[in-house]
Colleague: 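The structure under discussion is supplied below as structure tokens; questions concerning it will follow.
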Amino acid sequence: MTNILFIMADQLRFDYLACYGHPTIRTPNIDALAARGVRFERAYVQSPICGPSRMSFYTGRYVHSHGATWNGVPLRVGEMTLGDHLRPLGVRTVLCGKTHMQADREGMARLGLDPESVVGARVAECGFDVWDRLDGLHPSANAQPSHYQEHLTGLGYDGPNPWEQWANSAAGDDGEILSGWLMRHADRPARIAEKDSETPYATSRAIEFIEQAGDAPWCLHLSYIKPHWPYIVPAPYHAMYGRHDILPAVRSEAERENAHPVLAAFHEHRFSKAFCRDEVRERVIPAYMGLITQIDDQIGRLVAYLDESGRTNDTMIVFTSDHGDYLGDHWLGEKELFHEPSVRVPLVVVDPSGDSDPTRGTVSHALVEGIDLVPTFVEVAGGTPRREVLEGHSLVPLLHGTAERLRDHVVSEYDYSFRAARAVLDQPVEAARLAMIFDGRFKLVHAEGFRPMLHDLEADPDELEDLGVDPALAAVRDRLQGALDRWFRRHHMRTTISDETILARAGSELDRGIVIGFWDESELADASRRGHSGN
């Protein structure tokens, strides 16, 4: 049976890899994976922010369905996750790295689920058996406990918080500690030795798991916390890139002068204003690129280990990201809206099966979504995806070359009720909702309470012109809005019974002794002779 190595980077733009067209970044190992598998050119996440995006990756369901709409919003008890689908197939499902999972502690308590029990621990950890959870660390915050802190202390990194003071900090000219959270320090190396930093550590822990895994099949989710901020990277990666590697920001003055109200509100966020400054981009982007090349080097190390250990021919490798990073494009920082740098992600799949030989080294232009991975993994593990639960489509037909497309459009959602933009727009919490639908050419963004946004990516691939009020495109807007409305009206929550079961039971009341609507014995007898209830 095939093992699955599910690698995810955090906040990696699709276009900051050489195989996706970046002119100067060095990512030879990820490029080599693309040469061995399929590179998906149009992969989209179900929400352009960590928590809800990951919950969609792990459940195979849209945000509208699983309800974890923003970071820190718990994934409710009862949602099936990747482990729930794979464990019945005999596949051990393990985490090494980040999930951004927030457990539904109230729901667990209501149902009497002990988080220390096997079942309770899996519910609290998004269905994974935790090998090492590494969610990243905010300074002076209650961080997710991690073996990494103890690891650094054991290596002699001193201080009350070695992760923060060594991995996330630089040294000043006089030896003082400079916080990596302040972007002006992004050009300095992190204080930590490169081999001890987060990305090599996570890779080492992943290799440790594979070494002890034995012959039983596994799905290992190796989830790097970089190149997510803080934008600070150890030597020598801090100096690999410079000002000449910084691509011009994709933005126009018209985007600010004629901005849609929601876009204008996001322009007011502190991180957006910061990335409008050239000095910020000049400090941050080389560090961001260094973090990516460090990940690439560690993937090279991991692939070499698989080769040496004889695992290459029985391990599917998937490389992707949970969302992108604006880096100043469209006058924005962070992610969260639906321009390509934010909502589109890299996706490379290497399937060792001989059935995938016809597609090796190819590029797929099919529209795919993050929710497609769970049904893919289920099929690869020999199971049948549960269509009443899983809303994605298996990628296997694309990998085997037996199909060229899976869907007509992709959908992504965002709940901005937690952001300052909601107050700027004076919107109630329940109305602070955005939804994107993209058909491969036209991208429509539904903004509750406001006019839609529309971009034609064929005529305007940089998405600089908002066509949301162009009368010539009214029919396009109506078509996409209609498709989005139909998507919203779909059954998203009927997960306990399949369509096949419904069809088998429909009209069977009389067979089950349920007598409804008959006038007298003769009508009942006649219906019984005809073998149906007469509905």
Side-chain angles (χ1 to χ4, degrees), residues 11 13 45 47-53 63 69-73 138-139 141 179 181-184 186 228-231 246-285 288 322-344 412-436 443-455 460 462-469:
Q11 202 149 316
R13 285 174 56 137
V45 294
S47 188
I49 191 168
C50 299
S53 173
V63 177
T69 62
W70 210 72
N71 294 341
V73 175
H138 291 263
S179 173
W181 297 88
L182 302 177
M183 292 182 286
R184 67 174 298 181
H228 192 286
W229 42 258
Y231 304 104
I246 301 171
L247 304 179
V250 176
R251 59 197 185 197
S252 70
E253 287 297 333
E255 288 183 291
R256 290 201 289 191
E257 294 168 358
N258 304 308
H260 184 283
V262 173
L263 177 59
F266 273 80
H267 284 161
E268 294 301 310
H269 284 166
R270 180 176 60 251
F271 42 78
S272 294
K273 291 180 177 179
F275 274 96
C276 289
R277 296 160 54 187
D278 290 342
E279 62 182 329
V280 171
R281 299 184 76 249
E282 289 171 2
R283 293 288 177 94
V284 165
I285 291 177
Y288 181 77
D322 61 349
H323 53 75
D325 193 326
Y326 274 108
L327 298 175
D329 286 356
H330 306 286
W331 309 101
L332 295 166
E334 276 284 83
K335 49 269 185 182
E336 304 179 37
L337 294 182
F338 300 109
H339 299 92
E340 298 285 275
S342 176
V343 74
R344 183 175 165 193
S412 188
E413 302 168 81
Y414 186 62
D415 171 3
Y416 66 93
S417 59
F418 291 87
R419 283 301 197 194
R422 183 193 62 79
V424 171
L425 295 167
D426 193 26
Q427 288 289 94
V429 167
E430 66 270 16
R433 300 170 57 201
L434 304 171
M436 177 206 85
K443 181 186 292 184
L444 181 136
V445 176
H446 171 81
E448 194 75 14
F450 300 95
R451 70 163 177 84
M453 296 175 246
L454 181 70
H455 294 283
D460 176 29
D462 290 334
E463 301 174 279
L464 297 176
E465 185 179 4
D466 181 0
L467 303 171
V469 294

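Keep in mind that what you see is a predicted model, and the values were worked out from it rather than measured.
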Colleague: If you round to the nearest 0.5 Å, how far is CZ of F338 from CE of M453?
Modeller: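 These two atoms lie 8.0 Å from each other.
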Colleague: So, the side chain of S342 versus the backbone of L337: is there a donor-acceptor pair under 3.5 Å, distance only?
Modeller: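 Indeed, once roles are kept as given, a pair shorter than 3.5 Å links the two residues.
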Colleague: So, using salt bridge (Lys or Arg N to Asp or Glu O under 4.0 Å) as the criterion, who are the partners of E336 when residues are at least two apart?
Modeller: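 For E336, the residues satisfying salt bridge (Lys or Arg N to Asp or Glu O under 4.0 Å) (neighbours in sequence not counted) are R419.
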Colleague: Between CZ of R281 and CD1 of I246, what distance do you get to the nearest 0.5 Å?
Modeller: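 So the gap between those two atoms works out to 6.5 Å.
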Colleague: Partners of D466 by salt bridge (Lys or Arg N to Asp or Glu O under 4.0 Å), sequence neighbours excluded?
Modeller: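 Result, salt bridge (Lys or Arg N to Asp or Glu O under 4.0 Å) vs D466: R451.
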Colleague: If you measure from the Lys or Arg side-chain nitrogens to the Asp or Glu carboxylate oxygens, is any gap between E340 and R344 under 4.0 Å?
Modeller: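 So E340 pairs with R344 through a salt bridge.
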Colleague: Report the residues that fulfil salt bridge (Lys or Arg N to Asp or Glu O under 4.0 Å) with E282, sequence neighbours left out, ordered by chain and then residue number.
Modeller: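 Listed in chain order: R243.
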Colleague: Output yes when a side-chain donor or acceptor of H323 lies under 3.5 Å from a complementary backbone atom of R13, and no otherwise.
Modeller: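 Side chain of H323 to backbone of R13, a donor-acceptor pair under 3.5 Å: no, none is there.
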Colleague: Kindly say whether A265 contributes a backbone atom to a donor-acceptor pair with the side chain of E268 at under 3.5 angstrom?
Modeller: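 Such a contact is absent between E268 side chain and A265 backbone.
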Colleague: What residues, two or more places apart in sequence or in another chain, satisfy ring pair (Phe, Tyr, Trp, His ring centres under 6.0 Å) together with F271?
Modeller: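 Expected list: H269.
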Colleague: Strictly below 4.0 Å, N to O, side chains only: are R433 and E413 in salt-bridge contact?
Modeller: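 Answer for the salt bridge query: no.
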Colleague: Given 3.5 Å as the limit, does a donor-acceptor pair link the side chain of N71 with the main chain of G51, or not?
Modeller: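 Side chain of N71 to backbone of G51, a donor-acceptor pair under 3.5 Å: yes, one is there.
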Colleague: Quick one: salt bridge (Lys or Arg N to Asp or Glu O under 4.0 Å) partners of R422, sequence neighbours excluded?
Modeller: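 So R422 forms no salt bridge (Lys or Arg N to Asp or Glu O under 4.0 Å) with any residue.
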Colleague: In chain order, what residues pass the side chain to side chain donor-acceptor pair (under 3.5 Å) check against H455, with sequence neighbours excluded?
Modeller: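 If we apply the side chain to side chain donor-acceptor pair (under 3.5 Å) test to H455, skipping adjacent residues, there are no hits.
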Colleague: Return yes if some donor-acceptor pair links the side-chain N/O of W70 with the main-chain N/O of I49 below 3.5 Å, else return no.
Modeller: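 Here the side-chain-to-backbone pair does not exist.
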Colleague: Strictly by modelled atom types, are Q11 and E334 linked by a side-chain donor-acceptor pair under 3.5 Å?
Modeller: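 Judged by distance alone, the side chains do pair up.
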Colleague: Give the intermediate values and the outcome of side chain to side chain contact (heavy atoms under 4.5 Å, CB included) for residues L332 and F275.
Modeller: CA-CA 6 Å; L332 295 166; F275 274 96; over 6 Å; no
